[in-house]
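These numbers were taken from a predicted model, which means no experiment stands behind them. One-based numbering, in listed order, for ligands and for the atoms of each. For this chain, numbers begin at 1 and follow the sequence in order. What's counted below: heavy atoms across the whole structure, side chains too, no hydrogens, waters or symmetry copies.
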Amino acid sequence: MSEQIIEAPVDSPAETPQEVPVTFADLGLSEAVLEGVKKAGYERPTGIQAQAIPMILTGRDVIGSSQTGSGKTAAFALPILSLLGTPGKLRVLILEPVRELASQVEEQFLKYGGEAGIRSLLIHGGVGYGKQREGLEAGVDVLIATPGRLLDLMQQRAIDLRYLEILVLDEVDRMLDMGFMPDVRRIVQQCPEKRQTLFFSATIPPEIASLAAFALKDPFKVEVGRPRGAATTISHYFYPVNRLQREELFLALLKETDFKSVMVFTKTKADADMLAARVKTQGEYKVALMHGDIAQKDRTKALAGFRTGEFDVIIATDVAARGLDVTGVTHVINYSVPDNPEDYVHRIGRTGRAEKEGDAFTILSADELPAAQAVERFIGQTVERRRLPDFAYQYTTMLDDSKGAQKALAENLGRGRLRVGKRRR
Ligand code: AMP
């Protein structure tokens, strides 16, 4: 499998439209799509757009990665709409790991594809089948779907993939992890063999091409910015603490931080519920909650309210970690270190979007040191440790700044006395 890699210099800042010396008109997009771009108010393509769009327009398979919030959706949506031209049969399928992300991608298709009358439809679980069936019957060009409901409808023969030309796996590392892989394989098997396949994510492991050989043909790899790195617009810090003080430090951080809107991530639904209840009782903030056990209509309300500013804090599990594009998230707080380093990059990537600045804090207790080190290895950078001034810290080795103490702790943990959760892969 031949692969070409286009890489921006490692230390280059996240791409800003001004730094890319091409215009959308240079990229070969159709007039209708250029009109859509103009309406969206974008002046220049971002790095990933400048590099991926011409390649996608040639019809080749592409693996595209660039930092969170750098315009990846438009990097595939614009050339796809251009290739589609006018309305016809169902020709494009886009797979997304979570419902809210699917909905956001659909909004972008509507925004850019309106001029050409391209019809897109959202298919996901947690809601009735009626509207989705009606949409399919009315005819659609682009389907944006989560795997479970899509398979349901495929089994009911409500979806005809015979004319499919382009398949997109967005957040591809998530789509190909163990949880999704069986469903994704079944879907890919039912797509025509002659098609174009596009993979996108901010975190693409090097082994993806071999892992996904069943779906790709001679992919062209476009990698912009530091692979797997956090966007340079995000300042991120670890806040070490004795694990017994985790909740106390979290509440203090929230209080001391001058945030406009903050996303808080927890590992478990129970932690999310507990924290939401704690923050609500304080009465200072308007809090929304989002996790897999919350009914879809309430998840939608939570996210919509967070977007409009009705809520200033959203407490969520990793269902909200990827892709969600909420402008003006000034802060992300990780209540604990995520077990998978990829999740760290995606979670903190909810802030610092589209060149805005953002801060991300991660509370770190001694038992999480191996997970924290895994994050640092993954992003290729040491994360600065910070302390909250005036917080009444109880002693933990984590607060001992001497190199010897930290090393001894890391070695002890490394020997497996305390274990963190397993990596997904
Ligand atoms: P994404 O990484 O696809 O989630 O996009 C992040 C944000 O950047 C979204 O709000 C997009 O609307 C916005 N965006 C995408 N492309 C451009 C561009 N060329 N210029 C300015 N903003 C953009």
Minimum heavy-atom distance Pro54-Gln49, with the two atoms named: CD-O, 4.0 Å
Closest to atom 16 (N) of ligand 1 (judged by heavy-atom distance), picking from Gln49, Gln67, Lys72: Gln49
Option set Gly71, Ala75, Ser66, criterion heavy-atom distance to atom 1 (P) of ligand 1, minimum: Gly71
Nitrogen or oxygen atoms of Asp325 and ligand 1 under 3.5 Å apart: yes
N or O pair under 3.5 Å between Ser70 and ligand 1: yes
Whether Arg44 lies under 4.0 Å from ligand 1, heavy atom: yes
Per-atom contacts, ligand 1 versus Phe24 - under 4.0 Å to a heavy atom: 19 (N)
Ser365-Arg246 side chain donor-acceptor pair, cut-off 3.5 Å: yes
Evaluate the ring planes of [X] and [Y], with Trp represented by its six-membered ring, and classify them as parallel (under 30°), tilted (30 to 60°) or perpendicular (over 60°).
X	Y	value
Phe259	His331	perpendicular
Tyr335	Phe250	perpendicular
Phe361	Tyr239	perpendicular

